[in-house]
Amino acid sequence: MNNQDMANRDLAVLWHPCTQMKDHEHLPMIPIKAGQGVWLEDFDGNRYLDAISSWWVNLFGHANSAIIAALKDQLDTLEHVIFAGFTHESGIRLAEKLVEISPVGLTRCFYADNGSAAVEVALKMSFHYWRNQGQTQKTKFMTLENSYHGETLGALAVGNVALYKETYAPLLMEVITVPGPDCYHCEPGESWADYSTRRFALMDAALQQHADSVCAVIIEPLVQCAGSMRMYDAVYLSLLREACDKYGVHLIADEIAVGFGRTGTLFACEQAGISPDFMCLSKGLTGGYLPLSAVLTTDRVYQAFYDDYTKLSAFLHSHSYTGNALACRAGLATINIFQQQAVIETNRSLAVALTNAAARFHGHPHVAEVRQTGMIVAIELVKNKQTREPYPWQERRGLKVYTYGLSQGVLLRPLGNVIYFMPPYIITEAELELLAEVAWQGIQYAVSN
Ligand SMILES: *Cc1c(COP(=O)(O)O)cnc(C)c1O
């Protein structure tokens, strides 16, 4: 079997996510045969540097021996069991670990099986908490401009990326959308902290106006990843925590993309020293090996559901694969790596290497901004550097960077015209250099074709 054979078979029966399938009339479908470390290998023997951690999930490389060994052991013991009325050791141990390592006050863990489902759980729990408290007028959610929280209808409703949301608008619950702190829009010379503080006034005003009807504010701490990797300062989170307390509204931190070391701390909320009422985790939770998500919450929330059965106040949400034992074991193995290898500390020098590798892009005549938070670097490609006029989306310049990258053995997957690096934490400095060089050439190709 070579690439062509596999692609033909795929295109005869499969429908891929986030894809206009007609694109594959000219874009090659890349069938991957194996992965090793940061490298993927296709059926023709070509290799690709996985610069986007296979959609932001992979932390310690493909075919990681520690995670594989844990999974094999789990497979020989218990693959899965119903998680209502029953439990298992890996599910318990992972919850214990998550409670131990997450911000103070988050003492309860509820499992689901993907990020969107975790967001649904947090939304329903928040609403249901207020209802159990007799606050039935609280039925709305508040979200930020340019936010992304997943694709199921509830998660899509609290997101704000038009490309994914607009088509389905008639199906979605109404939310209150507040202008965000995205620091791409700060004034020349204005610091991220100042801009984020200034923009918080809009959130404060919205909270003041709507608090009575609002269950929770949902936010992606520090980086709006799917929203073109737009970033802001931690002060916004501190202010938001204070305001949510003041106005009696929950704070849901969606750390699905930014959790597990991506922003330079284990969780992004740590940089503001805050604890949310709900924290959603997925993606890196299993190191990129199996689908799993978790919602961490407080004892206060938990207690609001804890009563006699006949009060009908229980949280009855469930998924068939809730707390899957294999996925939980992958999560445990992943957290073990963090604890045994001091990943957050070693990532500090890797983040500096990322800064250095990306330095060359600042002066590029079609780059409006190079921004970084921890282990994420984003390069904003524009038509006009002075006015920041974007390239028309129809020109699909980012896609040209993607195809160029593939031709040179690097998997970049720009978000529109934003090229970003979000590599596994085991990438070497030499590989980062290669990545930056190919991205540079890819941008050259994209702006001149
Ligand atoms: C990816 C993502 C989700 C959705 O997770 P899925 O597992 O893809 O459903 C939710 N929130 C954020 C911030 C994400 O990046």
Side-chain angles (χ1 to χ4, degrees), residues 16-19 52-59 110-126 141-161 163-165 168 172 175 177 180-182 216-232 236-237 240 251-263 267-269 276 278-296 317 319-324 327-328 330-331 334 373-376 378 413-416 418 420 422:
H16 287 264
C18 203
T19 300
I52 58 158
S53 299
S54 284
W55 251 352
W56 321 345
V57 298
N58 191 294
L59 303 185
F110 189 98
Y111 291 125
D113 44 22
N114 63 73
S116 303
V119 168
E120 302 284 346
V121 165
L123 298 174
K124 285 176 70 180
M125 264 187 190
S126 173
F141 294 95
M142 206 176 265
T143 183
L144 289 182
E145 208 176 13
N146 192 47
S147 58
Y148 179 86
H149 298 289
E151 300 290 347
T152 54
L153 294 178
L156 198 58
V158 294
N160 185 245
V161 177
L163 180 64
Y164 308 126
K165 181 171 184 176
Y168 306 101
L172 304 178
V175 297
T177 306
D182 170 5
V217 176
I218 183 165
I219 188 165
E220 295 157 276
L222 300 185
V223 187
Q224 296 185 313
C225 294
S228 303
M229 300 291 166
R230 294 294 177 82
M231 300 174 183
Y232 60 92
Y236 194 89
L237 298 172
L240 181 59
L251 174 55
I252 302 173
D254 178 351
E255 294 234 10
I256 290 165
V258 295
F260 294 99
R262 202 38 90 174
T263 66
F267 299 110
C269 282
F278 301 90
M279 183 165 77
C280 301
L281 301 173
S282 190
K283 293 203 165 112
L285 172 59
T286 62
Y289 280 68
L290 284 163
L292 179 70
S293 62
V295 178
L296 279 291
H317 185 107
H319 296 287
S320 312
Y321 282 97
T322 298
N324 175 261
C328 287
T334 300
T373 300
M375 296 296 295
I376 308 172
R413 199 175 192 277
L415 291 154
V418 173
Y420 67 91
M422 198 156 164

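Indexing begins at 1, ligand by ligand and atom by atom, following the structure's order. When a residue number appears, it is its place in the shown sequence, counting from 1. The figures that follow rest on heavy atoms only: side chains count, while hydrogens, waters and symmetry mates do not.
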Query raised in the report: Going by atom types alone, do Glu120 and Thr152 pair a side-chain donor with an acceptor below 3.5 Å?
Result: yes
Query raised in the report: Going by atom types only, do Asn146 and Gln224 share a side-chain donor-acceptor pair under 3.5 Å?
Result: yes
Could you pull out all residues at least two apart from [X] that satisfy ring-ring contact (aromatic ring centres under 6.0 Å, His included)?
| X | result |
| --- | --- |
| Tyr289 | none |
| Tyr164 | Tyr148 |
| His319 | His317 |

Query - Atom OH of Tyr321: over 12 foreign heavy atoms under 6.0 Å - result: no
**Report entry** Under 4.0 Å from ligand 1, counting heavy atoms only: the protein residues, by chain and number
**Finding:** Trp56, Asn114, Gly115, Ser116, Tyr148, His149, Gly150, Glu220, Asp254, Ile256, Ala257, Lys283
